[in-house]
Amino acid sequence: MKNRICELLGIKYPVFQGAMAWLSDGALAAAVSNAGGLGIIAGGNAEGHIIREEIRKAKALTDKPFGVNIMLLSPYKDEVIEVVLEEKVAMVTTGAGNPGKYIERFHQAGIKVFPVIPSVALAKKMEKLGADGVIAEGNEAGGHIGKLSSMVLTPQVCDALSIPVVMAGGIGDHRGVDAAFILGAEGVQLGTYFILADECRAHENYKTMVEKAGDLDTTVTGRFTGHPVQVLRNKLTRRFEELEKNGGTLEDYEALGRGSLYQSVILGDLEKGSFMAGQIAGLVSKRGTCSELMAHLLKDVKSIQ
């Protein structure tokens, strides 16, 4: 299709798979890319050699373009950036910081840059610094979130920029894809939707929580820390809420959450795990391979046929 994002990245469909810590590994990224979208490996707080392993795993599974998300607050960001440059992935997305000083180096290596942005001001700054596009992520998304909803953020960002915009947050079926394009986006990013993919490493308990979630089954924890996170409700989220009400410190909060992603993704611990998911979890129930999920997502889409 003639779409700036597809042409820029060499992909069939303008559908990105969201970078979800511990979930978005090389296998999932490769499967989404093989399905015609753009798979993205989540850097999270992983060390460089771990990301290199995931990149090479993806390369062994696909000859299609895929990306890596770099969390700029990670203590290992510099070594991850060097790995990405050496491995020459197709693109990077960035979050939790300003990638401005790295953009030229990425471009010199032939790597496209799509920062994740929560505001118009930051989107404008990214365009000025040379970003190839931006991902406008609304507060419906899972994991770390900003203040504005996708419905509010996306059209304002689209009006303000000349580079392509990808909408993220609150998309779980063809209606969400069409809505994104109507709002001015040229691509979409879905995370929660792909948790139910066969190729996603999420523990069965994690997948079942997403599959059975209702419209009010997500909550936001950690607002007082300045880094709010959207997750599915469970015993851990209730403990977070109690901690906030009782005046817990940032250190108390970090101690309670330490290791909680491993507990959810790998062990499936329903009490100690942090099950990150977007508000759209209440609509997500389709299981299958990434190819089947991609076909299901786009079957009735009118905007990108």
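Partners of Tyr253 by ring-ring contact (aromatic ring centres under 6.0 Å, His included), not counting sequence neighbours, listed by chain and number: Phe224, Phe240. Partners of Glu86 under the salt bridge (charged side-chain N to carboxylate O under 4.0 Å, His left out) rule, at least two apart in sequence or in another chain, are Arg52. In this structure, the side-chain contact (heavy atoms from CB on, under 4.5 Å) partners of Thr249, at least two apart in sequence or on a different chain, are Glu251, Asp252. Looking at residues two or more places apart in sequence or on another chain, you find no ring-ring contact (aromatic ring centres under 6.0 Å, His included) involving Phe106. Every residue meeting the side-chain contact (heavy atoms from CB on, under 4.5 Å) condition with Thr208, not counting sequence neighbours, appears here in chain and number order: Glu204, Lys212, Arg287. Applying the salt bridge (charged side-chain N to carboxylate O under 4.0 Å, His left out) rule to Arg56 yields the partners Glu87; only residues at least two apart in sequence or on another chain are considered. Lys286 is linked by a side-chain contact (heavy atoms from CB on, under 4.5 Å) to Leu293, His296, counting only residues two or more places apart in sequence or in another chain.
The distance from the CE atom of Met20 to the CG atom of Asp25 is 9.5 Å, given to the nearest 0.5 Å. For the atom pair CE (Met151) and CE (Met167), the distance works out to 8.5 Å, reported to the nearest 0.5 Å. Here Asn234 contributes atom CG and Asp217 contributes atom CG; the two are 11.0 Å apart, rounded to the nearest 0.5 Å. Taking CD of Glu241 as the start and CZ of Arg233 as the end, the distance is 6.0 Å to the nearest 0.5 Å. Between the OG1 atom in Thr221 and the CG atom in Leu236 there is a gap of 7.5 Å [rounded to 0.5 Å]. Distance check, rounded to the nearest 0.5 Å: CD of Gln17 to CD1 of Ile41 gives 9.0 Å.
Within the 4.5 Å cutoff, the side chain of Phe16 has heavy atoms near those of the Leu9 side chain. At a threshold of 4.5 Å between non-hydrogen side-chain atoms, the residues Pro99 and Met126 count as touching.
Shown here for Ile117 and Ala123, the closest heavy-atom pair between the two residues is CD1-CB, 3.7 Å. The minimum heavy-atom distance linking Ala19 with Ile40 is given by the pair CB-CG2, 3.9 Å. Contact record, Ile5 with Pro164: CG1-CB, 3.7 Å, taken as the closest heavy-atom pair. When all heavy atoms of Gly288 and Glu199 are compared, the pair lying nearest together is O-OE1, 4.4 Å. Here the shortest heavy-atom pairing between Ala46 and Ile51 reads CB-CD1, 3.8 Å. Here the closest heavy-atom approach between residue Ala58 and residue Ala30 is recorded as O-CB, 3.9 Å.
Looking at Gln189, its side chain never comes within 3.5 Å of a backbone N or O of Gly18 through a donor-acceptor pair. Asn34 contributes no side-chain N or O that, together with a main-chain N or O of Cys290, makes up a donor-acceptor pair within less than 3.5 Å. One N or O on the side chain of Lys207 and one on the backbone of Cys200 form a donor-acceptor pair closer than 3.5 Å. For the pair Arg201 (side chain) and Val265 (backbone), a donor-acceptor distance under 3.5 Å is absent. Side-chain atoms of Ser150 come within 3.5 Å of backbone N or O of Ala168 as a donor-acceptor pair. At least one donor-acceptor pair under 3.5 Å links the side chain of Ser33 to the backbone N or O of Ala29.
Other cluster members for Ile182: none, since no ILVMFWY side-chain heavy atom sits under 4.5 Å from it. Other cluster members for Ile145: Val220, joined by side-chain heavy-atom distances under 4.5 Å among Ile, Leu, Val, Met, Phe, Trp and Tyr.
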Show the atom names and distances, to 0.1 Å, of all donor-acceptor pairs under 3.5 Å that link a side chain in residues 266-278 to residues at least two apart or in another chain.
residue : atom : partner : partner atom : Å
Asp269  : OD1  : Glu271  : N            : 2.9
Asp269  : OD1  : Lys272  : N            : 2.9

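Applying the 6.0 Å contact sphere to NE2 of His227 captures no more than 12 heavy atoms from other residues, nucleotides or ligands. Residue-environment remark: NZ (Lys57) exceeds the threshold of 12 foreign heavy atoms within 6.0 Å. Around CD of Glu104, the count of heavy atoms belonging to other residues, nucleotides or ligands within 6.0 Å does not exceed 12. Atom OH of Tyr76 is surrounded by 12 or fewer heavy atoms from other residues, nucleotides or ligands within 6.0 Å.
Ile50 and Leu85 end up in different hydrophobic clusters when Ile, Leu, Val, Met, Phe, Trp and Tyr side chains are linked at under 4.5 Å.
In this model, no donor atom of one side chain and acceptor atom of the other lie less than 3.5 Å apart for Asp198 and Thr289.
Residue pairs meeting the salt bridge (Lys or Arg N to Asp or Glu O under 4.0 Å) criterion with at least one partner in residues 159-186, sequence neighbours excluded, are Arg4-Glu186, Asp173-Arg175. Residue pairs meeting the salt bridge (Lys or Arg N to Asp or Glu O under 4.0 Å) criterion with at least one member in residues 126-141, sequence neighbours excluded, do not occur.
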(message) I'd like to know whether Val83 forms a side chain to side chain contact (heavy atoms under 4.5 Å, CB included) with Val68, so could you lay out the CA-CA distance, the side-chain angles of the two residues, the decisive distance to 0.1 Å, and finally the verdict.
(response) CA-CA 10 Å; Val83 166; Val68 173; over 6 Å; no
Quiz item: So Ile171 and Ile280, side chain to side chain contact (heavy atoms under 4.5 Å, CB included) or not? Walk me through it.
Solution: CA-CA 7 Å; Ile171 303 170; Ile280 202 64; 5.9 Å; no
